[in-house]
Structure formats: C-alpha cells, structure tokens
Student: 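Got a structure for you, questions after.
Worth knowing before you read on, the calculation uses all heavy atoms, side chains too, and leaves out hydrogens, waters and symmetry mates.
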Number of protein chains: 2
Amino acid sequence: MNLSSRDVQAFLVLARQKNFTQAASMCHLSQPAFSALIRSLEQTVGLKLFDRSTRHVVLTTEGERFLQSAERLCAEFAACEKAMRDTAQLTQGHVSVALLPSLAAGWLPAVLKAYTARHPGIQLGVLDVLSEPCIASVANGDADFALAAIRADTPDLRAEPFCSDSFHMVCPRAHPLANKAALSLEDLTPWPFIHLARHSSVRQYLDAALFPRTMQTFVEVEQLATAMGLVQAGLGITVAPALSLFHFNKPGLVTRQLPIPDMDRQIYMVRKRERSLSLAAQALYQLMQDMRPASA
Amino acid sequence: MNLSSRDVQAFLVLARQKNFTQAASMCHLSQPAFSALIRSLEQTVGLKLFDRSTRHVVLTTEGERFLQSAERLCAEFAACEKAMRDTAQLTQGHVSVALLPSLAAGWLPAVLKAYTARHPGIQLGVLDVLSEPCIASVANGDADFALAAIRADTPDLRAEPFCSDSFHMVCPRAHPLANKAALSLEDLTPWPFIHLARHSSVRQYLDAALFPRTMQTFVEVEQLATAMGLVQAGLGITVAPALSLFHFNKPGLVTRQLPIPDMDRQIYMVRKRERSLSLAAQALYQLMQDMRPASA
DNA sequence: CGATCTTACGGGATTCGTAAACATA
DNA sequence: TATGTTTACGAATCCCGTAAGATCG
C-alpha cells in the first residue's frame, strides 16, 4: 500500500469541505483530477471513503475511521517537515568541536559568540584537550571535527591545513634578550630554559628545530601557565606558540617572535574521511575559517 | 513537500542495509531506480541524507535526524494500514440496529449469534423499541438501519420491504373459537377482546381490517405480555402478529392464523437516503435477509 | 436549468529498467 | 580487477487539465 502526504492532505480537505470543487481548488488541482485522486486513494485504502451524489458529499463510516488515521499521519508529516526545515535552516541541531586548549582559551570565545548570535538554536559542544585526544574524539564520533597540531591522515581520518602558528620567545623585561636585535634560536641556548613536557607539540617542534643542539633545561612543566609563572619569577626563559601568548600578556614580560618561518607549527582541521560535516558543523567551520587567527 | 510511504520505506531499508544494491532488490527496484528515488527524496526533504562512496553508505547527521521522523511515520503508516485492513475484513467495526421488540426478542438472538460467530470483532448495538423511535434513531444516526412497521420515506430516509407478518387469533384452549373450522375476522367480534393501545401498529392494522366493525373491547393494554396474561386468565381473546407469538406459547393457550393475506403487517428496512451502509451493517443486513422470518 | 460529480481523452511529466561510465579498494 | 554507485536514454506509465456527459434538486 502506497500513500503519500498529498493523498492524506487531499482527503482531509475534502472531509472538511464536503465539496469536490472547493477542495480541488484548495489543493491547486482541477476538479476532475481531484476526483481521480480521491478515487485512487479509495482504491489503495481498499474502502469507500465518501458517499457522494451531485449534491452531497459525506464521509462513510469507513471514511470516519480513516479520518482518525489521516489526522495522525498529517500531524506526523507536519512534525517531520518542521524538523527538516529546522535542521536545514540551522534552527535546530548540534555541533561538537575538539581543539587545543590554546585555541579554546584565546580564540574560540569570539568564534562561539558570533556562531550563537547567528544560530541560537544549535547546541554546542567543546572538547578543549590536547591534539591526541582531539583526534580520538573525532575518530570515535564525539566531535564533528578537530583543530589539532597532528596531521592525522589515517584510513578513517582526513586532515587539511587550517592555520600556522609562529613561535615566540618569552623572557622578563630586564633580560638581555628582551631588546637584542635580530633574535635567533642560537641566542636562546645559553640561558636557563623552561621546557614543556616532551609529549607536547610545542616541545617537539622546538626540539626538532634545535637538533642537534639543546637548551639549558631548568625545568620541564606541563602547563604553559606554569611556565609563565616561572618566567615571571625570573627563573628562565621559554618559547611559546603565538596562539598561547595570551598567557604571557603580563606586566614585566616580553615576547618576541622567532623569525624562523619553517619552524611554524601547523594546525590542522581533522575530520572523518568520506563523511560530510553536518550543516551545523559546516557553518561553524566556515565561520572559523573566516575568523582564522592571523598566521602570525 | 510531498512524501510517500514508499519513500519512507525505501529510506528505512537503505538506512538499515547501508547498501544501495541490496536495498533496491528488497524494494523490488533496479538499483539505478532506487538510487534516483533516494536522490529525489533528499531533494524533497531538502537535505543530504546519506554519505555515499562506492564502498560505504552512511547516514549523515541530518539523515539520523530524518530517521527519527521516518520511523514514527512508518509506524503511523503501519497502524493506518492495519486499521484499514481490519475495517475491510470486518475484524473491527461497529453496527447498531433498531428493531421492534417483537423481532428483538424472538428472532434477533439467532441472527446475532450467527453474526458474532462470523465477525467476533464487531461491536453490536441493539435498540429494541417501537417503530417510531426506531425510525428516529436512524434519522439521528444512533442506528445504522432499522426494521420497523412504518414505511418511512422522507427526504432523509428510504424504506424497502423486509418481510411480512401475518396476524393470529389467541384464545384459551377451552374457547369455542379454538376449534372452529374456517376462522374469519367476523367470528371474533362477538367475544370480549383484549386490545393493544391505539398507537401500536398491531392495533392500527386490526382496526383498518375491521372497519367499520369493531371488537367488544374488554380492555386496552400496552404490552403483549399483559395481553397474554389476560387471555390465559380467560378474560378475553386477542390478535397478535406471527413474530410475537412466542409470547403466547403457553399451556392452555391456542393460536390460529387469520387467513386474511392483505391484512399482513409489513416490516420495512429503513435507512438513510444517499448514505451507504457501513461494511459491518451491510454484513448484518445481508445475514438478516438470509435468515428472514418465514413470511407466515 | 444550474450546480456538481464522473467519464473521455490527448499531452506532458515522472519513473522505470538496461547499458555504459565512473570510482574506489 | 571487482564491487558498487551514478549517468544516459528510450519506453512505459502515471497524472493533469480541458471538454463532454450524467445526475440531482
């Protein structure tokens, strides 16, 4: 049995109007076409639904029975249509993004502000974790996409460059490096250095750029905020990516970009291969590209 | 937006199978036709519902959302289809008949027994009242049709002969009329007579047949059962239609048919003009015709 | 005779299946 | 290369609107 929303709609209109001509025009059909439609509906349902003479049109008992089903069907159709329109117009939906804590703290707030202003009905999810769990959350479906420092190209995942992130030296205002002209990586090696843990992407980029040289390690810490405190206390200098410099925007501290272009940290947009982003995710990613941090 | 049960079904099959070829064969369609169907569905819904490559078919986020609506729609379609099938097969339904108390007591039980045996799911309604309220209940929709002694042909109602009902004299066994040969209406006039009330159809037929003669009225009563008691007590004789003779099937009483054919009471089937009987009512009426009382 | 539903029929759109092209592992 | 989806296209079907026919008040 095949039954379309159009059939149901036509039936309901006729049941209300009790007049083929009026009902037909309401359905934007010629009267004979409408008559044929009702006849074919009766055939597919297998029951005579209307008693009709040239003067009167009335529901049969079976028609009354079908009316109940038709009204429920019509309500479901309407709900379905509304749901689809809402999702298409981003009035309703959900998006979850995984990104590095540095992006989440410094840059994301403005993005989310713009996003919710435009799409207030969309539920947001943020996973502000390191690159590895970012990738994992995309792989297992917790996040629609991720912005991470790992070029994760697996059979499941696909990465594309999103932005790049230059490195900056951080030292106290009174430090000799604070005003040195033409700063280079070489200049940093003599000084006590606050390292991040080896598993951090910052450390890996830095070690690679230094190799085979090394820094005078004073200490290794996990959090950039800790490194900030140590530098502010005059215990050493450190290197941080541009996106996390908001940590070091403090009195008594100086940040200077390291002019080593090929050392720039790449941030990738990571998503599932062969799966399109949801509309809500597309809109968020589009906005993120429009508001992409200056590739300083 | 037009959406058919076929579309929804196809969507659900593909969402389950995640394979166009298999889903197509399940829907008895060629694979390209099925592919086109899904494409047109996506177009009417206005959303991409599946991510498809040559290897994998997966629901998009929007497809997941539609899946919920589709499942609810599918359930409604199934419920509707079942309801219609039940109605068509008389597994479900309702019929209400109005008929004279005489028919209701003597003849109806066997009819209803046969009817419920054949259609156990049909709800029954019986209005065992006099002809006038019978007709009224059809006119106001309380009964599907009536069996009454009034030929009710109004703009709203239509009557057709159903059966005829001969009249019988009732007297005590010891009464002279009990064994008299060649009984005629004349023979009854000398004896004390138990009349029914003037508004009863029996009385009207009897008065018309007698006119201008009259009976020796002993008393007028409303109920045939009362008349039976009075006759049994030897207070008089009476006349009753064949269909209510079960009242007089008692020891000490004799009933004899009055051989006056054109006096026979007509019973009519009364129904609304221009309205078909419900399937349940059709079945009941057909059975009633098949089991029609012998036109004694 | 006027209003209204049904039937008849020609044209146009939709939909189907076969065959070929295309894509991915 | 094998599996599976999309494109191309001719044919059958379905659906619509106009016009004529039938029916009831």
Side-chain angles (χ1 to χ4, degrees), chain A residues 1-11 13-45 48-60 63 153-158 271-276, chain B residues 1-11 13-45 48-60 63 153-158 271-276:
Chain A
M1 183 175 99
N2 191 19
L3 198 60
S4 75
S5 57
R6 207 159 140 278
D7 298 334
V8 172
Q9 196 64 36
F11 170 83
V13 171
L14 182 57
R16 266 251 307 284
Q17 293 301 121
K18 303 186 190 303
N19 177 312
F20 275 70
T21 309
Q22 292 173 32
S25 88
M26 283 188 194
C27 295
H28 310 292
L29 276 176
S30 72
Q31 191 277 326
F34 186 85
S35 182
L37 191 158
I38 295 293
R39 203 176 330 123
S40 98
L41 174 62
E42 289 182 323
Q43 195 166 347
T44 67
V45 165
K48 187 150 166 281
L49 300 176
F50 293 95
D51 275 325
R52 35 207 191 270
S53 70
T54 53
R55 280 298 168 202
H56 295 108
V57 177
V58 206
L59 279 172
T60 60
D153 273 296
T154 72
D156 251 26
L157 300 178
R158 191 158 63 87
R271 50 184 290 194
K272 282 210 169 171
R273 217 178 263 285
E274 307 295 338
R275 298 214 42 170
S276 55
Chain B
M1 183 176 98
N2 191 18
L3 198 60
S4 76
S5 56
R6 204 159 143 279
D7 298 335
V8 173
Q9 197 63 36
F11 170 83
V13 170
L14 181 57
R16 265 252 306 283
Q17 293 301 119
K18 302 184 190 305
N19 177 311
F20 275 71
T21 309
Q22 293 173 30
S25 87
M26 284 186 194
C27 295
H28 310 291
L29 276 175
S30 72
Q31 191 278 327
F34 186 85
S35 182
L37 190 158
I38 295 293
R39 203 177 329 123
S40 96
L41 173 62
E42 289 181 324
Q43 195 167 347
T44 66
V45 166
K48 187 150 168 280
L49 300 175
F50 293 96
D51 275 325
R52 34 209 193 269
S53 70
T54 53
R55 280 301 168 200
H56 295 108
V57 177
V58 208
L59 280 172
T60 61
D153 272 296
T154 72
D156 250 25
L157 300 178
R158 191 157 63 89
R271 50 183 291 195
K272 282 210 168 169
R273 220 178 260 286
E274 308 293 339
R275 298 212 44 170
S276 54

Student: Could you please name the option among dT5(D), dT7(D), dT4(C) that lies closest to any side-chain atom of Asn19(A)?
Tutor: dT4(C)
Student: State which residues pass salt bridge (Lys or Arg N to Asp or Glu O under 4.0 Å) with Arg273(B); sequence neighbours excluded, sorted by chain then number.
Tutor: Asp153(B)
Student: Give each protein N/O atom lying under 3.5 Å from an N/O atom of nucleotides 23-25 of chain D, with the pair distance.
Tutor:
residue: dC24(D); atom: O4'; partner: Thr54(A); partner atom: OG1; Å: 2.8

Student: Going by salt bridge (charged side-chain N to carboxylate O under 4.0 Å, His left out), name the pairs with one or both residues in residues 24-41 of chain A, residues two or more places apart or in two chains.
Tutor: none
Student: Rounded to the nearest Å, what distance is computed from the CG atom of residue Asp156(A) to the C1' atom of nucleotide dA25(C)?
Tutor: 14 Å
Student: Can you tell me the distance, in whole Å, between the CZ atom of Phe20(A) and the C1' atom of dT6(C)?
Tutor: 10 Å
Student: One character per nucleotide, please: for nucleotides 9-21 of chain C, 5' to 3', B when the base has a protein heavy atom closer than 4.0 Å, S when only the sugar-phosphate does, - otherwise.
Tutor: -------SBBB--
Student: Name the orientation class of the two ring planes belonging to Phe50(B) and Phe11(B) (parallel below 30°, tilted from 30 to 60°, perpendicular beyond 60°).
Tutor: tilted
Student: Please name all residues satisfying salt bridge (Lys or Arg N to Asp or Glu O under 4.0 Å) with Lys48(B), sequence neighbours left out, ordered by chain then number.
Tutor: Asp51(B)
Student: Kindly state each residue pair satisfying salt bridge (charged side-chain N to carboxylate O under 4.0 Å, His left out) with at least one member in residues 25-37 of chain A, sequence neighbours excluded.
Tutor: none
Student: Which residues pass the side-chain contact (heavy atoms from CB on, under 4.5 Å) test with Thr44(A), sequence neighbours left out?
Tutor: Leu3(A), Leu41(A)
Student: Rounded to whole Å, please give me the gap between CZ in Arg39(A) and P in dC16(D).
Tutor: 12 Å
Student: Taking only residues two or more places apart in sequence or in another chain, which ones pass side-chain hydrogen bond (donor to acceptor under 3.5 Å, both in side chains) with Ser35(A)?
Tutor: none
Student: Could you list the residues that satisfy salt bridge (Lys or Arg N to Asp or Glu O under 4.0 Å) with Arg158(A), not counting sequence neighbours?
Tutor: none
Student: The helix from dC1(C)-dG25(D) to dA25(C)-dT1(D): angle between its terminal axes, five pairs each, to 10°?
Tutor: 30°
Student: Would you mind telling me which of Leu59(B), Leu37(B), Val57(B) makes a side-chain contact (heavy atoms from CB on, under 4.5 Å) with Leu14(B)?
Tutor: Val57(B)
Student: If the cut-off is 4.0 Å, is Ser35(B) near the phosphate of dT7(D), judged by side-chain N/O to OP1 or OP2?
Tutor: no
Student: In whole Å, I'd like the distance from the CG atom of Asp7(A) to the P atom of dC14(D).
Tutor: 14 Å
Student: Mind calculating the distance between CG (Leu14(B)) and P (dG4(D)) to the nearest angstrom?
Tutor: 14 Å
Student: Gln43(A) CD to dC15(D) P: how many Å, rounded?
Tutor: 11 Å
Student: Residues in side-chain contact (heavy atoms from CB on, under 4.5 Å) with Ser40(B), at least two apart?
Tutor: none
Student: Could you tell me the separation between the CZ atom of Phe50(A) and the P atom of dT4(C), rounded to a whole number of Å?
Tutor: 17 Å
Student: If I take atom CG in residue Asn2(B) and atom C1' in nucleotide dC14(D), what distance separates them, rounded to the nearest angstrom?
Tutor: 14 Å
Student: I'd like to check the side-chain contact (heavy atoms from CB on, under 4.5 Å) partners of Thr21(B); sequence neighbours left out, ordered by chain and number.
Tutor: Asn19(B), Gln31(B)
Student: OP1 or OP2 of dT4(C) less than 4.0 angstrom from a side-chain nitrogen or oxygen of Arg52(A), does that happen here?
Tutor: no
